[in-house]
Amino acid sequence: MDSSERSTVRSEQKSRKFLKSLIRKQPRDLLLVIGTGVSAAVAPGIPALCSWRSCIEAVIEAAEQLEVLHPGDVAEFRKKVIKDRDLLVVAHDLIRKMSPRTGDTKPNFFQDCLMEVFDNLEQHIQNPVVLQSILRLMERGTMVLTTNYDNLLEIFGQQQGKPMESLDLKDKDKVLQWARGHIKYGVLHIHGLYTDPCGMVLDPSGYKDVTQDPEVMEVLQNLYRTKSFLFLGCGETLRDQIFQALFLYTVKNKVDLEHYMLVLKENEDHFFKLQADMLLHGIKVVSYGDCFKQFPEYVQDLTAQICKQRSPDADRVDSTTLLGTSCVDCAKRKLGENGTDSPKRIKQSDNGAVTSPATELSQY
C-alpha cells in the first residue's frame with residue numbers, strides 16, 4: 001500500500017470510534033487469538049498464509065511435488081478442498097494420510113510439506129505493523145494463542161530482541177505456566193507448529209490427554225471466563241473443533257462474557273447477522289473496514305488506544321476484582337461491598353476513531 005492509499009485508509013478510519021468497552025480494557029485483561037488473517041497481512045507473498053483453504057491447497061501441491069501422496073489421493077483431496085465446508089476435517093484427514101498407519105505423529109510427511117510451504121518465512125515479512133502491535137500488547141501482559149502452524153510472530157519478536165517461546169498442547173507443564181501468566185512472550189499453538197512434528201495432532205481425538213486432564217482444562221477455561229478474548233484474523237476459529245473443546249463446550253453462561261472479534265465487512269446483512277449470532281457466545285463482532293488493507297492500521301490504532309490505559313485507579317480495580325474483564329462500575333460495587341472507598345471513574349479520551357463497519361473474514 002503506497003502513502004496515498006495509506007492516508008486515504010487512515011482518513012476513513014478516523015471517521016469511526018472504537019468500542020469503549022474494548023479500549024478501556026487493560027492489556028493484561030486481554031488474550032489475543034491469532035488466525036490466518038494476521039499471517040496474510042504480514043506476509044502476503046506466501047499464498048498458504050492467506051486462509052485455511054489456501055494452506056491446504058499449498059500442502060497438497062507440495063505433497064504432489066515431493067511425491068509423498070499418491071496421485072489418486074492428490075486428486076481426491078483437491079476435490080474435498082473445493083466441496084467440503086469443514087476444512088479442518090479435511091486438514092486432519094490429510095495429516096493422517098501422510099502419517100504412519102499406527103496414528104503416531106512422528107515421523108510424517110505432512111511436516112515436510114509444511115516446511116516446504118513455509119520455507120524462509122523471515123524473508124517474507126513485508127508488513128510487520130500487526131506483529132508490532134501484538135508485541136506492544138504482550139509487553140504489557142496480553143496473552144497470545146494461535147490456530148496457525150506458522151511462527152511469524154516468534155520470528156519477528158526474536159528479531160526485536162524479545163525472548164519469544166513457541167508452545168503446544170503436548171507440553172502440560174509449559175501450558176500451565178503459560179495459562180497462569182508465567183511465560184510473558186509465550187505463543188500457544190493449539191494445532192501445533194510446523195517445525196515440531198511432536199506437537200502436531202492428527203485429529204481432535206489426539207487432544208484427549210489435554211481435554212481429559214482436569215487441571216489443564218480448568219486453567220484454560222478459566223482464561224475464557226476471566227480474560228477478554230480478542231480474535232484477530234479469525235473466521236473459522238469458532239468452528240474449530242479444538243478451540244471448541246478447549247473453551248466453548250464446557251464454559252457455561254457464555255452470554256455473560258465479553259469477548260471481541262475483528263472482521264471484514266463485505267456484506268451488511270451477513271455482518272449484522274453475525275453480530276447477533278456471536279452475542280450468544282459472549283462475543284462482540286467489530287468491523288475494521290470493508291477492505292482487508294484496513295486491517296493492519298486498525299489493529300495498530302486499536303492497540304494505541306488500549307495502551308493509553310495508565311490510570312493507577314485501573315490497577316487498583318483490577319487487583320480487587322476476581323474477573324479481569326469486569327467493568328469499572330461492577331468493580332466499584334465490589335469494592336463498596338468490601339467496605340473500601342470507591343475508586344474514581346477512569347477518564348478516557350474519545351478520539352479513538354477508526355474504520356468503517358466490517359463483516360466476518362470468511363476466508364480468514
Side-chain angles (χ1 to χ4, degrees), residues 34-40 43-121 123-124 146-152 166 168-170 189-211 233-246 361-364:
I34 298 176
T36 54
V38 169
S39 298
I46 302 181
L49 297 178
C50 293
S51 66
W52 259 107
R53 187 180 304 279
S54 59
C55 180
I56 297 173
E57 289 173 343
V59 168
I60 295 172
E61 180 70 21
E64 183 178 38
Q65 294 176 353
L66 294 172
E67 296 184 321
V68 296
L69 198 61
H70 189 280
D73 292 324
V74 169
E76 184 63 27
F77 275 109
R78 281 180 172 150
K79 290 179 183 177
K80 287 185 176 182
V81 171
I82 296 173
K83 294 180 179 180
D84 287 20
R85 174 174 171 77
D86 197 336
L87 295 176
L88 293 173
V89 171
V90 176
H92 289 308
D93 289 345
L94 186 58
I95 295 173
R96 279 198 298 266
K97 196 68 177 180
M98 290 190 283
S99 301
R101 295 177 181 176
T102 57
D104 297 328
T105 55
K106 185 179 181 181
N108 70 76
F109 287 122
F110 185 74
Q111 184 208 12
D112 292 285
C113 293
L114 283 178
M115 293 179 73
E116 186 73 16
V117 169
F118 296 145
D119 190 34
N120 299 318
L121 271 181
Q123 298 178 14
H124 294 276
T146 181
T147 56
N148 297 344
Y149 286 122
D150 69 79
N151 58 346
L152 279 169
S166 300
D168 62 61
L169 291 172
K170 291 288 189 175
H189 292 256
I190 65 173
H191 289 159
L193 186 64
Y194 82 96
T195 56
D196 182 11
C198 295
M200 295 174 60
V201 181
L202 302 184
D203 55 43
S205 64
Y207 289 100
K208 63 180 181 296
D209 290 341
V210 175
T211 57
C234 300
E236 302 292 331
T237 302
L238 292 184
R239 294 199 298 114
D240 185 317
Q241 296 177 51
I242 307 308
F243 188 87
Q244 290 176 343
L246 294 176
L361 195 53
S362 57
Q363 55 281 59
Y364 302 124

Which pair of heavy atoms, one from [X] and one from [Y], lies closest together, and at what distance?
X      : Y      : result
Cys50  : Ala40  : CA-CB, 3.7 Å
His189 : Asp150 : CE1-O, 3.0 Å
Val117 : Ala62  : CG2-CB, 4.2 Å
Gly192 : Asp168 : CA-CB, 4.3 Å
Met98  : Leu69  : CG-CD1, 3.9 Å
Ser54  : Pro47  : OG-O, 2.8 Å

Starting at CD1 of Ile82, measure out to CD of Glu57 and round the result to the nearest 0.5 Å. 7.5 Å
Atom pair CD/OH of Glu116 and Tyr194 - distance to nearest 0.5 Å: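 Taking CD in Glu116 and OH in Tyr194, the distance rounds to 11.5 Å.
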Given side chains that start at C-beta, do those of [X] and [Y] come closer than 4.5 Å, heavy atoms only?
X      : Y      : value
Thr146 : Val38  : no
Cys113 : Val68  : yes
Ile190 : Thr147 : yes
Ile46  : Leu121 : yes

Evaluate Ile60 against Leu94 for side chain to side chain contact (heavy atoms under 4.5 Å, CB included), listing each step before the verdict. CA-CA 8 Å; Ile60 295 172; Leu94 186 58; 4.0 Å; yes
Residues that Lys80 engages under side chain to side chain contact (heavy atoms under 4.5 Å, CB included), provided they are two or more places apart: Glu76, Phe77, Asp84, Val90, Asp93
Using distance alone, with no hydrogens and no angle criterion, decide if Ser39 and Asn148 have a side-chain donor and acceptor under 3.5 Å apart. yes
Indicate the ring-plane relationship of Tyr149 and Phe110, choosing parallel, tilted or perpendicular according to the 30° and 60° boundaries.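 Judged by the thresholds at 30° and 60°, the geometry between Tyr149 and Phe110 is perpendicular.
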Residues Leu49, Thr36; criterion side chain to side chain contact (heavy atoms under 4.5 Å, CB included); working and verdict: CA-CA 6 Å; Leu49 297 178; Thr36 54; over 6 Å; no
